[in-house]
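What follows is a set of notes on a single structure, which appears directly below.
Per chain, numbering begins at 1; letters A, B, ... match sequence-line order.
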Protein chains: 2
Amino acid sequence: MTEVLRLLTRAQKLLRAAADEAMSRHGVRVGQNLVLEVLWETDGLTPGELAARLQVTTPTVVNTATRMEAAGLLVRRRDPVDGRLVRLHLTPKARAAQQPIAEARRLLAEHATATLTDEERRHLNSALKKIIERMTASTPPPGPGEDGQ
Amino acid sequence: MTEVLRLLTRAQKLLRAAADEAMSRHGVRVGQNLVLEVLWETDGLTPGELAARLQVTTPTVVNTATRMEAAGLLVRRRDPVDGRLVRLHLTPKARAAQQPIAEARRLLAEHATATLTDEERRHLNSALKKIIERMTASTPPPGPGEDGQ
DNA sequence: AGCTGATCATTAGCTTGCTATCGACTTGGA
DNA sequence: TCCAAGTCGATAGCAAGCTAATGATCAGCT
């Protein structure tokens, strides 16, 4: 019964490691990749906005942004209107990486699911969505004695 | 196409967070839980053996073991025959936690997949297994231009 | 017996997540 | 106008993963 937890953990770890290796060939680590994907779409977001979109805490984005700034992938600019805000802007270097990184990610997904049929892929996606919905909806932690039925 | 990567990451993160919260109620963090599950079965393993079973690197086990030792969950004992080896032995405290922790894990898995049919669960498990097999078998990183067909 | 190479665990240092706290800035009410 | 409360980003510190380098011990060969 708890098998699915182990399988999910293992699969995700393998995929993450493969993604990190692939991204690293383009000078981007696996966590930074997600920030890039959002900023490619909408440049100049604040750390808080980014965190909300990535479903991650603000400190995580702040730290990642610091590393990316050091790597020359983005710059911080203070918002001229509201001095509390910081806006994250991609550099040309980050834009240049868009194509190859998106392609690498596509290839990885294709490779990982290469032995699945289209139907199996659909089933997998829908099952994961159900789990996600179940875990986010009200999030009642299953304590001993109560059953989230 | 890359949707499945996002879904897997998100689902695993939600499950890990829920597991961490549940385990923490019994004085065990989510990474330590895995060490416990192996040592409940086979006490006195070395860090290297544990790492191999958990599919994790030795330093990860060493660091986790240090935290668990500080938490009073296990003790290190030098192997009397081979002085290079360290054997990890669970304390009574760790054994006492076995029942509730295993139960919490079972409840979590049940809760997470509560909205899936038995068939969907089987499909999910088999799809994850296929992905794991695909990613471990020879592990050809999909570089640009070549296709792991 | 003694040295060399292999095999362990450990340490150092990194990324990526988290929570809790701090400091700066804005805003609304007195 | 000015102070209090709220809202941001940044920092500190922890867990858990990784790689690379260190250090201790064992084993095999001369």
Heavy atoms from C-beta onward define the side chain here; which of [options] lies closest to that of [X]?
X      : options                   : value
T64(A) : dT11(D), dG17(C), dT19(D) : dG17(C)
R29(A) : dT15(C), dT26(C), dC18(D) : dT15(C)
P59(A) : dT11(D), dT11(C), dC8(C)  : dT11(D)
V86(A) : dG9(D), dT26(C), dC26(D)  : dG9(D)
R16(B) : dA9(C), dA16(D), dC18(C)  : dA16(D)
L85(A) : dG17(C), dC8(D), dT16(C)  : dC8(D)
N63(A) : dT11(D), dT19(C), dC8(C)  : dT11(D)
T58(B) : dA9(C), dA24(C), dT16(C)  : dA9(C)

Separation of [N] [atom2] from [X] [atom1] (nearest whole Å):
X      : N       : atom1 : atom2 : answer
L45(B) : dA9(C)  : CG    : P     : 11 Å
Q12(B) : dA16(D) : CD    : P     : 13 Å
R87(B) : dT25(D) : CZ    : P     : 16 Å
D79(B) : dA24(D) : CG    : P     : 19 Å
L50(A) : dC8(D)  : CG    : P     : 14 Å
L88(A) : dG9(D)  : CG    : C1'   : 10 Å
N33(B) : dG17(D) : CG    : P     : 11 Å
D20(A) : dC18(D) : CG    : P     : 12 Å

For V81(B), answer base if it contacts any base atom (sugar-phosphate contacts may also be present), sugar-phosphate if it contacts only those atoms, and nothing otherwise; contact means non-hydrogen atoms under 4.0 Å.
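Sugar-phosphate contact only - V81(B) comes under 4.0 Å of backbone atoms but never of a base.
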If you look at every strand shown and take non-hydrogen atoms under 4.0 Å, does V61(A) touch a base, only sugar-phosphate, or nothing?
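Counting heavy atoms under 4.0 Å across all strands, no contact is made by V61(A).
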Considering heavy-atom distances to DNA chain C, does L34(A) or R78(A) have its closest nucleotide positioned more toward the 5' end?
L34(A)
Assuming nearest nucleotide by heavy-atom distance, tell me which of P80(A) and V28(A) is located more 5' along DNA chain C.
V28(A)
Distance-minimising heavy-atom pair for [X] and [Y]:
X       : Y       : answer
M23(B)  : I101(B) : SD-CG2, 3.6 Å
L116(A) : R121(A) : O-NH2, 3.1 Å
L108(A) : A18(A)  : CD1-CB, 3.8 Å

Would you say [N] has OP1 or OP2 under 4.0 Å from some side-chain N or O of [X]?
X      : N       : value
T46(A) : dG9(D)  : yes
T57(B) : dC18(D) : yes
T60(B) : dA16(D) : no
Q55(A) : dG17(C) : no
K13(A) : dA16(D) : no
R76(B) : dT10(C) : yes
R67(B) : dC14(D) : no

Measuring only between side-chain heavy atoms, which start at C-beta, is L45(A) closer than 4.5 Å to L88(A)?
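Answer no - side chains too far apart.
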Can you check whether V62(A) reaches T58(A) side chain to side chain, under 4.5 Å on heavy atoms?
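Yes, side chains in contact.
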salt_bridge(K129(B), E133(B)) N-O dist < 4.0 Å
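No, this pair does not count.
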Run the salt-bridge test on D43(A) and R95(A) with the 4.0 Å N-O cut-off and return the result as yes or no.
yes
